[in-house]
Participant: 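One structure, as C-alpha cells, below. Some questions next.
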Amino acid sequence: GGIITQTPKFLIGQEGQKLTLKCQQNFNHDTMYWYRQDSGKGLRLIYYSITENDLQKGDLSEGYDASREKKSSFSLTVTSAQKNEMAVFLCASSIRQGNERLFFGHGTKLSVL
Amino acid sequence: LAKTTQPPSMEAYEGQEVNVSCSHTNIATSEYIYWYRQVPHQGPQFIIQGYKDYVVNEVASLFISADRKLSTLSLPWVSLRDAAVYYCIVTPRTQVVGQLTFGSGTRLQVYA
C-alpha cells in the first residue's frame, strides 16, 4: 500500500500572506488533486494534475496557484490569505486519469488571523 | 450531470445494519455511482462503486434500483468506527478526471 502525506498539518497565516501547502504520494499515481473543505460542507476542487508539470483548474482555482514539478509531489499556494479564513485543504491521488477511486491525505487545516 | 439527494443524518446503535439511501433521478447511462466516507480529521475514503444491480465488497454492499434512480449503501453490523459522513457521488466514468463532486453527504452517528 501507499500513503499520501500532507504538510503541514496545521497552518496559521496572516491576512495577505502567501502560504504554501505540500503533498507527497508514494502510490506512483499519475493524477493528483487539491480540494478545499469548509466546515460541515462538501469538497470543492481547486486544481488537479494528470501528470508531472501538468496543471488543470478546478471550480475554485481563483486565489490559488499549484505546482507539480515531480510525479510524487503536488503543492498548492494560497496567493493572498483572506482574514478569518478557515478551511481544510485535502490532497488526493488516483492511479490515472478517469479513475474515480481517489486516495486522500489527512488534510492541512488553515487558519488566517 | 446527475444531482444526488441523501438524508442529512442518520443514527444507529452498534451491531445494527444501516442503509444509507441516495436518490439520483437524472442519472445518465454513462454515469456510475461511487460511495465515499469521511471520519473526522481525515480525508474521504473510497467504499464501493457500481453501475447496476448489486455490488458487494469486504466493507459494504451497494444495491442499485432497476431504473438506477436510487442506490442504497448497506453497512452490516456497524461499530463506533463507522461513524462518519457518507458521500454518494454520480459521475461518468469517462469524465475528465477530478470532476468528482462531493455534496454535503449523510452524517451517520453510532451509539454504543
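First the proteins, then the strands, lettered A, B, ... as listed; each starts at 1. Excluded from the calculations below are hydrogen atoms, water molecules and symmetry mates; all remaining heavy atoms, backbone and side chain alike, are included.
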Participant: For A/L90, which atoms come within 4.5 Å of any heavy atom of chain B: side chain, backbone, both, or neither?
Facilitator: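 For A/L90, side-chain heavy atoms alone lie under 4.5 Å from chain B.
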Participant: Can you say whether A/Q6 sits under 4.5 Å from chain B via the side chain, the backbone, both, or neither, judging by heavy atoms?
Facilitator: neither
Participant: Give, for atom CG of A/D38 and atom CD of A/E85, the distance between the pair rounded to the nearest 0.5 Å.
Facilitator: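 Between A/D38 CG and A/E85 CD, I get 8.0 Å after rounding to 0.5 Å.
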Participant: Do other residues, nucleotides or ligands put more than 12 heavy atoms under 6.0 Å from A/E62 CD?
Facilitator: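 Not buried by this count: 12 neighbours or fewer within 6.0 Å.
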Participant: Among B/Q38, B/H41, B/Q45, single out the residue with the greatest number of heavy-atom pairs under 4.5 Å to chain A.
Facilitator: B/Q38
Participant: Just grab all the salt bridge (Lys or Arg N to Asp or Glu O under 4.0 Å) pairs involving residues 15-27 of chain A, residues at least two apart or on different chains.
Facilitator: none
Participant: Would A/F89 and A/C23 count as a side-chain contact (heavy atoms from CB on, under 4.5 Å) here? Give the steps.
Facilitator: CA-CA 10 Å; A/F89 292 85; A/C23 177; over 6 Å; no
